[in-house]
Amino acid sequence: MSVYHEPLTALSESTRSASLAERASRLADTVEKWFGVAFCVYDGDSGALAYAPPGMPRGSVELRGELCKQVAARRKAEAIEEDDGLLTLAIPSIEPDGSSLVAVATFVTAGASNEEKAPSAASILDMDEDSARIWLAKQPFWPADALMRTAQLATEKLTSDQRTNRLRGEVAALSHNISTTYEEISLLYRLTQNLSLAIDDEKLSRIALDWLNVTLPIEGIAALLLPPPNLSSTNREARREPLLLSEGDWSLSLGDVNDLLSAVGASGARRPVVINQLVTTSESWRFPAVRQLIVVSLCEGSRCFGYLIAVNHNAGKELGTIEANLMASVASILGIHCGNSDLYRRRAELLTGIVRALTSAIDAKDPYTCGHSDRVARVAERIAKHLGLDQRTLHTIYLSGLVHDIGKIGINDEVLRKPGPLTPDEFEHIKTHPALGYKILVDLNELDEVLPVVLHHHENWDGKGYPDGLAGEESPLLARIVAVADAFDAMGSDRPYREGMPDGKVDAILRAGAGAQWDPHVIEAFFAVREDIREIARRERDTLDLDMRQWL
Ligand SMILES: [Fe+2]
Ligand SMILES: [Fe+2]
């Protein structure tokens, strides 16, 4: 993964902030290479001397400064002094920010002897004649027309170099923008790839933190994940305490983070909060470990699920809009995911509540069979597990066991609680409970997979059961498993008119009924896990073990 680059604004500012003396010195070096003599450099805007090589004769700085301002305005190389075979040349250079510099040097351009030129040179260069002779002796000879032509070319070269530099800067800025945009799209894409509800907000936050820590120019970053708003007390899955995840150099505790959010007014803020050194260097700042800070909230609609908090530029600069925008994009995806997960959890909670209510309603209707639904559910699940059914099917059969007798809600109390044998009519009435159960649940889409089990849990392997007289594998496998679990629990439990049968008798009846009333394969599985089932039957439970997310 590539790393974050300096923003364009910072590049331009660094160019502009190079001192006038540095830029003047660079220009002097450049033209010295072309002409073979040292140059002074003037500020073309103010006329001030910006750079002079040590020991170089300067002439009249004031006069030259004034002339340089005119050369800078006309933007072309000119001779600003000419006398006795000496020519003072001024070459303008227009900087990217529009300011100008002018390089100035005096040349020997005509063939008279140095002795003859010495007085003029002394006057032009503002020195005594002896020094002028020494200076003249070191100068190369430049014919005036060749000098002016070269100066013209030099100006054009400086102009074209400046244009090249400007274009280079634009290309760098463009690549930076493309690179930043690519990285942003790439992260958002990766996050959206992980938006499945199977991935929890903690895992998605870790992916985002890992990426942001590498990509942003920061020392550390954290996510504070809060318990979902309006969390019901019965929910056992959702986060109940705030969770602080961090990447990079992070030293703040959960308490520090809460104080920090309050101090900068970020609690519940909808927009990114950016704090820089103007604030963090003030005396009232209480967090010495934080020099720069960005906080964005993880929101969905009006609900806040937490915060992303980045601290300290890794090169001691300020954090700004670019970093805040990137964090805000990531935060909005995390916020939406938290919101969706919360909605999903609420639906699961609602469905769990419905199933608990239905199970309680059956138990309340027939107190003698209290706990029957839960035991049938667990025994059926144990048999199904032995048969190698997958996890989702195990959940389905557990839920089916819980609600298999829901139709008994519609059976008359006198019949249901009758402490003796039933009349044929009463038995016919009881036999309507699978179809009644089906009717009760049919509009709950989430329980679609449970319906066939509710409807067929009283079918027999030999086709003599009800309601449809299905034989063998015509009845669904899950219904055949629940049928065995149901019979096992019914025979073993106490009833108003009889005590529960001892295990030995129950086992004998089940063995005898294999291939007649019950699926022999299921009976075989039942006995394979008989010890586990004995334990399940012994253990009463206060709460049902429900995870309704399997059905959403
Ligand atoms: Fe039943
Ligand atoms: Fe039952």
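All heavy atoms count here, side chains included; hydrogens, waters and symmetry mates do not. For ligands, and for the atoms within them, numbers begin at 1 and follow the listed sequence.
Listed for the His429 side chain is a donor-acceptor partner under 3.5 Å among the backbone atoms of Asn412.
Applying the ring pair (Phe, Tyr, Trp, His ring centres under 6.0 Å) test to Phe526 and every residue at least two apart in sequence or in another chain returns Phe488.
Nearest heavy-atom pair, Leu244 versus Ala222, reported as atom, atom and distance to 0.1 Å: CD1-CB, 4.0 Å.
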Scan the side chains in residues 510-525 for donor-acceptor partners under 3.5 Å anywhere in the protein, sequence neighbours excluded, and list what turns up.
{"from": "Asp519", "atom 1": "OD1", "to": "His521", "atom 2": "N", "distance (Å)": "2.9"}
{"from": "Asp519", "atom 1": "OD2", "to": "Arg480", "atom 2": "NE", "distance (Å)": "2.9"}
{"from": "Asp519", "atom 1": "OD2", "to": "Arg480", "atom 2": "NH2", "distance (Å)": "3.1"}

Could you go through residues 293-310 and list every donor-acceptor pair under 3.5 Å that involves a side-chain atom there, pairing it with any protein atom two or more places apart or in another chain?
{"from": "Ser297", "atom 1": "OG", "to": "Ala269", "atom 2": "O", "distance (Å)": "2.7"}
{"from": "Glu300", "atom 1": "OE1", "to": "Arg303", "atom 2": "NH2", "distance (Å)": "2.9"}
{"from": "Arg303", "atom 1": "NH1", "to": "Asp342", "atom 2": "OD2", "distance (Å)": "2.5"}
{"from": "Tyr307", "atom 1": "OH", "to": "Gly268", "atom 2": "N", "distance (Å)": "2.6"}

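Under the 30°/60° scheme for interplanar angles, the aromatic rings of Tyr466 and His458 are found to lie parallel.
Sorted by chain and number, the protein atoms of type N, O or S within less than 2.8 Å of the Fe ion (ligand 1) are Asp405 OD1, His433 NE2, His457 NE2, His458 NE2.
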